[in-house]
There are 2 protein chains.
Amino acid sequence: MAAKHAYQDDNILSVIQDRLDTLNKSERKVAEAILNDPTSATRYSIASLARAAEVSEPTVNRFCRNFSATGFPDFKIRLAQSIATGTPYVGQNISPEDSVAEFADKIVLTTIANLDKARQALSAKALALTIDHLIQAKQINFFGMGGSAPVALDAQHKFFRFNIPVMSYDDALMQRMVAAGSATGDVIVVISYTGRTREMIEIAEIARANGATVIGITAPDSPLSKVCTVALEVTASEDTEVYMPMTSRIIHLTVIDILATGVTLKRGPDFQQHLKKIKDSLKPTRLPIQ
Amino acid sequence: MAAKHAYQDDNILSVIQDRLDTLNKSERKVAEAILNDPTSATRYSIASLARAAEVSEPTVNRFCRNFSATGFPDFKIRLAQSIATGTPYVGQNISPEDSVAEFADKIVLTTIANLDKARQALSAKALALTIDHLIQAKQINFFGMGGSAPVALDAQHKFFRFNIPVMSYDDALMQRMVAAGSATGDVIVVISYTGRTREMIEIAEIARANGATVIGITAPDSPLSKVCTVALEVTASEDTEVYMPMTSRIIHLTVIDILATGVTLKRGPDFQQHLKKIKDSLKPTRLPIQ
DNA sequence: CATATAATGTAGTAATATTACCTAAGTTAT
DNA sequence: ATAACTTAGGTAATATTACTACATTATATG
């Protein structure tokens, strides 16, 4: 992805946290002063930050340059940008002592951070290719097992509106049968967080052997990714943490959104009528507003 | 929500856009220069921005004060903060001319913006209450129809791990039967984007009449929200736009994440063993790394 | 232990933003 | 229609802030 505006994000705050050990005494003081209260750090002048960290102004300046800023003002800008997306809890894991408000915030902010990371990593080329395949598909099948089953179901809901035969399967046996029965012109979208589920890889191979196009929404360089016609590689930080939920599903859903939008756009304006008709068909089931 | 750090967000860029008409000639020039390329605006000095907008420096300064900044540097900081979450495409809708990279970016950034909005609007109190109900539940049922069916399914997947009988239903008849057969101690979580689906509202009423606790994940002040024991009100901007996908599902999923995490935390540390066992049970189905 | 090298601070300089004041262009009232 | 007033916007001086060059102190190495 990374359209024209490719601001090299990599959250300065987490970079600072990561490199804390490699800093020398005074610079660590600066780092700590910033991490201690990043939000107000953006309002400090170089003098006040120096005072807060109990170092001299040039030290602060050198510190900023260490983090690939051209100087203090530039550093503050970068800091401010990092802050918006997920600041207050950078790297902080959920702890049993958290209040509901706190861990809820952490969950949402982590999700946001991961979405943004995914945005930068997603390949526009792979997306475009996938959209092309989907448009030409005679039939689309979404495969997802376990946690990815809801994603596949969601995709089915979305693509159903396109007037293409579309199904989703969460059962390995059914998936295997569908794969075995597939043919050229069929597109099978395999959704797998790890990309290492044996069963899924085999199923993908069977589908390809039968001439189907296989799209993988999965982890980069995973075994699954290698057997796909097109791999949409999604970097979701491993859920090493006990309490932190899997954000990958959400990223996968967003990828589905992108694909569905891509297909809609390519279908052209006359197709919008069709979509509106489907949407309107739900009206009678709803209570009017007021 | 809004834990301790309640930074008054309200994206400066959209504020500028909104107030464009109320500005006088020179100030509008400044506004346009900024909106034209917000990212590089954060790197300008007051002099260069003045030059870009073809006005004098004090005009720029006055402009900044108009937008509740104490001065130019402060304004830049606010601008930088706004930029991180969804800048380049503030208010810009997806257009058929967009490249894949562009509309993909727009989709992800819109999703992020909506998540952040939801984060600020979510009631920690309602969340806490819901978690309490869920912990004490004898049985949990998730109801979601249409686009919310995958969300309900996802919730089932998550809560299944808690050793509580949990089911999800996407079929109105089944939901009605389950609601009719429910009793005190049962918790029914109703997921509905609009909160105005007649069927769902009736079902919620039936469940409550039978003594079940009904949690609604739905729109604020909707008819559904009023018949629930606890309403988790989610503000998702209406999907008025043709091409923009429904981001509400994603917000709903995140709410599910929060609830699941809340339950995990309350269950205490001995319960983590149980979770680990379930996670480990999947290992044999996966290819080893390398 | 002497010397080299890195780390940090001081003070002067340059850049940047802000203020006070002035001029021109509109507005309103007579 | 024009005098008085108000608002918009600019100029230039001033104050603030950040940066550089150099000096000093600490730390490592032969």
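First the proteins, then the strands, lettered A, B, ... as listed; each starts at 1. Model, not experiment: these values are computed from the prediction.
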Visitor: In whole Å, I'd like the distance from the NZ atom of K76(A) to the P atom of dT17(D).
Guide: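 Atom NZ in K76(A) sits about 9 Å away from atom P in dT17(D).
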
Visitor: Would you tell me if any nitrogen or oxygen in the side chain of N24(B) comes within less than 4.0 Å of OP1 or OP2 on dT7(D)?
Guide: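 Indeed not, no polar side-chain atom of N24(B) lies that close.
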
Visitor: Tabulate atom names and distances for all N/O pairs under 3.5 angstrom spanning the protein and nucleotides 22-24 of chain D.
Guide:
none

Visitor: Let me know the distance between CZ of F72(A) and P of dA18(D), rounded to the nearest Å.
Guide: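 Result: 5 Å.
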
Visitor: Could you pull out all residues at least two apart from D74(B) that satisfy salt bridge (charged side-chain N to carboxylate O under 4.0 Å, His left out)?
Guide: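 Applying salt bridge (charged side-chain N to carboxylate O under 4.0 Å, His left out) to D74(B) gives R43(A), R78(B).
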
Visitor: If you compare every side-chain N and O of R28(B) against the phosphate oxygens of dG9(D) (OP1, OP2), does one of them come in below 4.0 Å?
Guide: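 No, outside the criterion.
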
Visitor: Choosing from dG9(D), dA18(D), dA12(D), which nucleotide comes nearest the side chain of T59(B)?
Guide: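 Taking heavy atoms from C-beta onward, the closest nucleotide is dG9(D).
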
Visitor: Excluding sequence neighbours, so at least two apart, what forms side chain to side chain contact (heavy atoms under 4.5 Å, CB included) with I46(B)?
Guide: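 For I46(B), the residues satisfying side chain to side chain contact (heavy atoms under 4.5 Å, CB included) (neighbours in sequence not counted) are E57(B), V60(B), N61(B), F72(B).
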
Visitor: Pick the closest DNA chain C nucleotide for K25(B) and for D74(B) by heavy atoms, then say which residue is nearer the 5' end.
Guide: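 Going by which nucleotide is closer to the 5' end, it is D74(B).
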
Visitor: Could you work out, with ring pair (Phe, Tyr, Trp, His ring centres under 6.0 Å) as the rule, every residue matching F67(A), not counting sequence neighbours?
Guide: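 Result, ring pair (Phe, Tyr, Trp, His ring centres under 6.0 Å) vs F67(A): F63(A).
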
Visitor: Would you mind reading off the distance between R65(A) atom CZ and dA21(D) atom C1', rounded to a whole angstrom?
Guide: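 In whole Å, dA21(D) C1' and R65(A) CZ are 12 Å from each other.
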
Visitor: Can you list everything that forms a side chain to side chain contact (heavy atoms under 4.5 Å, CB included) with P58(A)? Sequence neighbours excluded, please.
Guide: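 S56(A), R62(A).
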
Visitor: Quick one: salt bridge (charged side-chain N to carboxylate O under 4.0 Å, His left out) partners of K266(B), sequence neighbours excluded?
Guide: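 Here the qualifying residues are D132(B).
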
Visitor: Is it the case that E233(A) and S123(A) place a side-chain donor and acceptor less than 3.5 Å from each other?
Guide: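 The criterion, which ignores hydrogens and geometry beyond distance, is not satisfied for S123(A) and E233(A).
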
Visitor: Taking salt bridge (charged side-chain N to carboxylate O under 4.0 Å, His left out) as the test, write out the residues that go with D37(A), two or more places apart.
Guide: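 None.
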
Visitor: Base, sugar-phosphate, or nothing for V60(B), non-hydrogen atoms under 4.0 angstrom?
Guide: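 The residue V60(B) makes no contact with any strand.
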
Visitor: Can you tell me how far C1' of dC19(D) sits from CZ of F75(A), to the nearest Å?
Guide: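 It is 17 Å, rounded to the nearest whole Å.
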
Visitor: From the 5' end of DNA chain C to its 3' end, which nucleotides mark the outer limits of contact with chain B, defined by a 4.0 Å heavy-atom distance cut-off (strictly under)?
Guide: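 Extent of the interface on DNA chain C: dA17(C) to dT19(C).
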
Visitor: Within the structure shown, what part of the strands sits under 4.0 Å from S56(B) by heavy-atom distance: base, sugar-phosphate, or nothing?
Guide: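 Contact class for S56(B): base.
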
Visitor: Does any pair with a residue in residues 96-125 of chain B pass ring pair (Phe, Tyr, Trp, His ring centres under 6.0 Å), and if so which ones, sequence neighbours excluded?
Guide: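 Output for this query is empty, none listed.
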
Visitor: Provide, to the nearest angstrom, the distance between the CZ atom belonging to F63(B) and the P atom belonging to dG9(D).
Guide: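 Between P of dG9(D) and CZ of F63(B): 12 Å.
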
Visitor: Do S48(B) and S45(B) get their side chains close enough for a donor-acceptor pair, meaning under 3.5 Å?
Guide: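 A pair is found: one side chain offers a donor N or O, the other an acceptor, under 3.5 Å apart.
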
